[in-house]
Chemist: 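Below you'll find the structure I mean.
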There are 2 protein chains.
Amino acid sequence: MENQEFVLEIPYGTRDFLPTEAATKRAIETGFAELFAQWGYDEIVTPTIEFLDTLTIGSGSALEPHMFKFFDKNNRTLALRHEMTTPIARVVASRLRDEVLPIKLSYISSVFRYEQAQTGRQCEFYQAGVELIGSASVAADAEVIALAIEGLRRAGLKDFQICLGQVAFINGIMHQVHLTDEQQEKIKTAMEKRNFVDLDNIIDHIDLPKNTRDILKKIPLLHGREEMLEKAYAMAMSEQSRRALDNLCEIYRLLKVYGAADYVSFDLGVIRDFNYYTGMVFEAYSPVLGFPLCGGGRYDSMLSDFGSFCPATGFALGIERILLALEREGLPTPSIKKDVYVAYAEGKAADAITKISEVRAQGKIAELALTAKTLAEAEKYQQSKDYGELVYIK
Amino acid sequence: MENQEFVLEIPYGTRDFLPTEAATKRAIETGFAELFAQWGYDEIVTPTIEFLDTLTIGSGSALEPHMFKFFDKNNRTLALRHEMTTPIARVVASRLRDEVLPIKLSYISSVFRYEQAQTGRQCEFYQAGVELIGSASVAADAEVIALAIEGLRRAGLKDFQICLGQVAFINGIMHQVHLTDEQQEKIKTAMEKRNFVDLDNIIDHIDLPKNTRDILKKIPLLHGREEMLEKAYAMAMSEQSRRALDNLCEIYRLLKVYGAADYVSFDLGVIRDFNYYTGMVFEAYSPVLGFPLCGGGRYDSMLSDFGSFCPATGFALGIERILLALEREGLPTPSIKKDVYVAYAEGKAADAITKISEVRAQGKIAELALTAKTLAEAEKYQQSKDYGELVYIK
């Protein structure tokens, strides 16, 4: 067949999960589903496809070039969802509009973005996350951060760090000095990409007092433990920026009660790549991975874009990145258990079926031979597939 | 906002699963994952997107108009997978080429087809299934049918019937009388759609002996219990058709040993909508649903189209249809359990966090209030969200 090699390929940035990988993925996802349920979050499932307009109203059009787009039969533009927060906002603003607040929802699903694919960055990837909708309280932010930490711990990770920031801190500074939207956007993009050369360059080309320039340039350096916040307070020129820092202090106080404070440090340069964040933002990092394992934050205005006025906060964990961090750290991942292989001599197929039904009724994982085999053949197959026990019916 | 109504819509033929529906879906899927693993089937996960050429090489181009298609950045045509058998054949023929046979794989995923959407037929829908690759034996066919039956039983269904057919029976008759490919295709399409007026019409316009015409017209009437096979043997003009019936008898004999025979009747008019079937085919029906709950069969030539020569058999269960049948039969579905709501008076947030951590450590499903509440407010919320117990910290 001429194009046989071709038909064996898969699209750029996608992957197959072979049995061992898929088993780990399922175990981790099932663990997240149980954990989120235990904290009172109800899972929802939304379509893989949404209208492009729905997705851009939620997270802005900056990500549109990264979306997989196509047309429906009526020539309306569809897109594969690129994140889950916007679809969930849509559901809350439509079918869950009359629910008692807060609404606590969770999801486990794949999302799609055209990206330069590399280890830890795929065009289709899996996320597990929660959205806590209808509460502006500090307790809501502390809860989602504590839940993200608990999720990473349950997945088996030991060595990770939450970097906690507050977009209102930098927004407060930029509003105070009257930067244009375009200038703000440029500064944030450079900061998000941690491109400090660009950042300095952009700031130097804006007509600002030297003092303000210095403050803007120093924001990405504002990271560390609780003590760092004092430095930040000294730089907070506006009420908005000071309130942002107060907010972080209050969240942190609750995280201490959760016993989660050791995982948390502050980083006021954390911006996140979605425009919709309005308050605290956070990312989780592993020392073995160059990408965040998790990202989230408060987004108090997105719901109003869908006609439903309420504050919200949440996060998404990256399933593949967690799998990769576990692997790189040499940590144990759930494996496939194979208990019993039942094989049989000529004419004994029926007896073997009766036997395996008994074995499975005991809750054991058991495979049945599909043709009569000699004992030697049966032993060879048992070993090749790692079955702990062989039952041979003769 | 001008287009607000529009952005709240979802694409034609898609749906949201709200919390109760999503909880049932997850419980049923987790049950299938456990069952398939217990029978020795390893789960795999493939990309949502495949090259169109890969999908059509597997299941033929007849379904191409029903696929969601678009272009990648290099102008190669991509499509959302419309079924899972072809992607799994691709994986087996590439990355699992050197595995010891048989290979037993399972999947739980959504697939996409443009269809006239109606209850039980969506453009994005969820399937759970298995593929047993590398065995031509009757035992392999019996195993997948027995597993499909066990799956439907574990999902909670009581009243369903497997209709078991054999495409080699009708193929044998059509080859014997030298029908053209086009004639065969037309007859099969009418038979698959159970459009008997069309079927008679098509057959009457082919130049055939009256006896043969009568036989072709009678095939869809060949359904019933074991006794029906005698009638079919009387009509089997070719060796191929007789062997097809022998094959059904042998499968049935093993299904009796599985204790599954009561669920099975024969229907030689079952054709299935994919071209790739070569042997036994089956569908599962519930009396409360006009669509099959499940479909499957043997496909011995698809793997060779991917350069890997081995026989295969399998099935797919329709998750939404199973949910619908359970609902219509008034059968219990797993529900969301809510144990404890922890609320607190002003200044007691920290104590409440300590308390809820204890409650969750006991394995209970517990939600924490996000602001201080009066006891009356707490009771109201507890009742609105159906928490069994309220813990109030004052």
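Naming: A, B, ... by sequence-line order, numbering from 1 per chain.
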Chemist: Taking side chain as everything from C-beta outward and backbone as N, CA, C, O, which of these in B:L55 sits under 4.5 Å from a heavy atom of chain A? Side chain, backbone, both or neither.
Modeler: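 Neither; nothing under 4.5 Å.
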
Chemist: Determine, for B:R15 against B:E21, whether the closest basic-nitrogen to carboxylate-oxygen distance falls under 4.0 angstrom.
Modeler: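 Judged by the 4.0 Å cut-off on N to carboxylate O distance, B:R15 and B:E21 do form a salt bridge.
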
Chemist: Looking only at atom types and distance, does a side-chain atom of A:T54 sit under 3.5 Å from a main-chain N or O of B:V7, one as donor and one as acceptor?
Modeler: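 Present.
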
Chemist: Strictly distance-based, threshold 3.5 Å: is any side-chain N or O of A:S304 a donor or acceptor partner for the main-chain N or O of A:F309?
Modeler: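 Side chain of A:S304 to backbone of A:F309: no pair is present.
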
Chemist: Could you tell me if B:Y107 and B:E43 have a donor-acceptor pair between their side chains, going purely by distance under 3.5 Å?
Modeler: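 No, because no side-chain N or O of B:E43 sits under 3.5 Å from a partner of the opposite role on B:Y107.
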
Chemist: Between B:V257, B:D16, B:L254, which shows the greatest number of heavy-atom pairs under 4.5 Å with chain A?
Modeler: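 Maximum pair count with chain A is reached by B:D16.
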
Chemist: Sort out for me which of B:D72, B:N74, B:L18, B:T371 touches chain A most, counting heavy-atom pairs under 4.5 Å.
Modeler: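 Sorted descending by pairs with chain A, the first entry is B:L18.
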
Chemist: Using side-chain heavy atoms (C-beta onward) and a distance below 4.5 Å, is A:P19 in contact with A:I336?
Modeler: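 In short, these two side chains touch, coming nearer than 4.5 Å.
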
Chemist: Measure from the side-chain N and O atoms of B:S94 to the backbone N and O of B:R90, and report whether any donor-acceptor pair falls under 3.5 Å.
Modeler: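 Yes: the side chain of B:S94 pairs with the backbone of B:R90.
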
Chemist: Examine whether an atom of B:K69 lies under 4.5 Å from a heavy atom of chain A, and if so say whether it belongs to the side chain, the backbone or both; otherwise answer neither.
Modeler: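 For B:K69, backbone heavy atoms alone lie under 4.5 Å from chain A.
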
Chemist: Which one, B:K25, B:K338, B:K73, leads in non-hydrogen pairs under 4.5 Å with chain A?
Modeler: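 The answer is B:K73.
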
Chemist: Tell me which of these, A:A142, A:A37, A:S357, A:A349, has more heavy-atom pairs under 4.5 Å with chain B than the rest.
Modeler: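 Between A:A142, A:A37, A:S357, A:A349, the count favours A:A37.
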
Chemist: Check for a donor-acceptor pair, side chain of B:R253 on one end and backbone N or O of A:A350 on the other, with a separation under 3.5 Å.
Modeler: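 No; zero donor-acceptor contacts below 3.5 Å.
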
Chemist: Which bit of B:L78 is near chain A, if near means a heavy-atom gap under 4.5 Å: side chain, backbone, both or neither?
Modeler: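 Answer is side chain: those atoms of B:L78 sit under 4.5 Å from chain A.
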
Chemist: Can you tell me which portion of B:E50 sits under 4.5 Å from chain A's heavy atoms? Options are side chain, backbone, both or neither.
Modeler: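 Answer is both: backbone and side chain atoms of B:E50 are under 4.5 Å from chain A.
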
Chemist: Measure distances from B:T48 to the heavy atoms of chain A and classify the residue's part below 4.5 Å as side chain, backbone, both or neither.
Modeler: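 The answer is both parts of B:T48.
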
Chemist: A:V92 and A:R97: side chain to side chain contact (heavy atoms under 4.5 Å, CB included), yes or no, with the steps?
Modeler: CA-CA 6 Å; A:V92 169; A:R97 189 181 272 265; over 6 Å; no

Chemist: For the candidates B:E150, B:E124, B:K256, B:E99, which exhibits the highest count of non-hydrogen atom pairs separated by less than 4.5 Å from chain A?
Modeler: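 Looking at each option in turn, the highest pair count goes to B:E124.
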
Chemist: With chain B, which of A:F112, A:F71, A:Y12 has the greatest number of heavy-atom pairs at distances under 4.5 Å?
Modeler: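 Counting heavy-atom pairs under 4.5 Å, the top option is A:F112.
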
Chemist: Does one side chain, of B:Y126 or B:E320, offer a donor that lies under 3.5 Å from an acceptor on the other?
Modeler: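 Side chains of B:Y126 and B:E320: no pair found under 3.5 Å.
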
Chemist: Heavy-atom pairs under 4.5 Å with chain B are the metric here; pick the option from A:Y258, A:Y387, A:Y341, A:Y41 that has the most.
Modeler: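 Between A:Y258, A:Y387, A:Y341, A:Y41, the count favours A:Y258.
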
Chemist: Chain B heavy atoms under 4.5 Å from A:S135: which part of the residue, side chain, backbone, both or neither?
Modeler: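 For A:S135, side-chain heavy atoms alone lie under 4.5 Å from chain B.
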
Chemist: Which one, B:T30, B:T56, B:I108, leads in non-hydrogen pairs under 4.5 Å with chain A?
Modeler: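 So the answer, after comparing B:T30, B:T56, B:I108, is B:I108.
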
Chemist: Between A:P102, A:A22, A:A89, A:A146, who has the most heavy-atom pairs with chain B when the cutoff is under 4.5 Å?
Modeler: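 Greatest number of close heavy-atom pairs with chain B: A:P102.
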
Chemist: Any Lys/Arg nitrogen of B:D53 or B:R76 sitting under 4.0 Å from an Asp/Glu carboxylate oxygen of the other?
Modeler: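 No, B:D53 and B:R76 are not salt-bridged.
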
Chemist: So, A:F70 versus B:F70, ring centres under 6.0 angstrom or not?
Modeler: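 Under 6.0 Å, so yes.
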
Chemist: Does any backbone or side-chain atom of B:T46 lie under 4.5 Å from a heavy atom of chain A? Answer side chain, backbone, both or neither.
Modeler: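 For B:T46, backbone and side chain are both near chain A.
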
Chemist: Can you tell me which of A:F17, A:W39, A:F51 forms the most heavy-atom pairs within a distance under 4.5 Å of chain B?
Modeler: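 Ranked by heavy-atom pairs under 4.5 Å with chain B, first place is A:W39.
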
Chemist: Contact part of A:I49 toward chain B, heavy-atom cut-off under 4.5 Å: side chain, backbone, both or neither?
Modeler: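 Interface part for A:I49: both.
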
Chemist: Which atoms of A:E143 come close to chain B, meaning under 4.5 Å heavy atom to heavy atom: side chain ones, backbone ones, both, or neither?
Modeler: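 Side chain of A:E143 only, per the 4.5 Å heavy-atom cut-off to chain B.
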
Chemist: Please find out if less than 6.0 Å separates the ring center of A:F68 from that of B:F68.
Modeler: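 So the answer is no for these two rings.
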
Chemist: If I measure from the heavy atoms of chain A, does B:L52 come under 4.5 Å with its side chain, its backbone, both, or neither?
Modeler: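 Neither; nothing under 4.5 Å.
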
Chemist: Side chain, backbone, both or neither: which part of B:L101 has an atom under 4.5 Å from a heavy atom of chain A?
Modeler: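 Backbone only.
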
Chemist: Can you tell me if CD on B:Q116 sees more than 12 non-hydrogen neighbours from other groups inside 6.0 Å?
Modeler: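 No, the 6.0 Å shell around CD holds no more than 12 heavy atoms from other groups.
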
Chemist: When only pairs under 4.5 Å are counted, which of A:I353, A:V340, A:D42 shares the most heavy-atom pairs with chain B?
Modeler: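 With the most close heavy-atom pairs to chain B, the winner is A:I353.
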
Chemist: Highest number of heavy-atom pairs under 4.5 Å with chain A: which of B:I44, B:T20, B:D351, B:T14?
Modeler: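 Between B:I44, B:T20, B:D351, B:T14, the count favours B:I44.
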
Chemist: Give, as side chain, backbone, both or neither, the part of B:K364 having an atom under 4.5 angstrom from any heavy atom of chain A.
Modeler: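 The answer is the backbone of B:K364.
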
Chemist: Could you check whether atom NZ of B:K355 has more than 12 heavy atoms from other residues, nucleotides or ligands sitting under 6.0 Å from it?
Modeler: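 Counting neighbours around NZ of B:K355, 12 or fewer heavy atoms of other residues, nucleotides or ligands fall under 6.0 Å, so no.
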
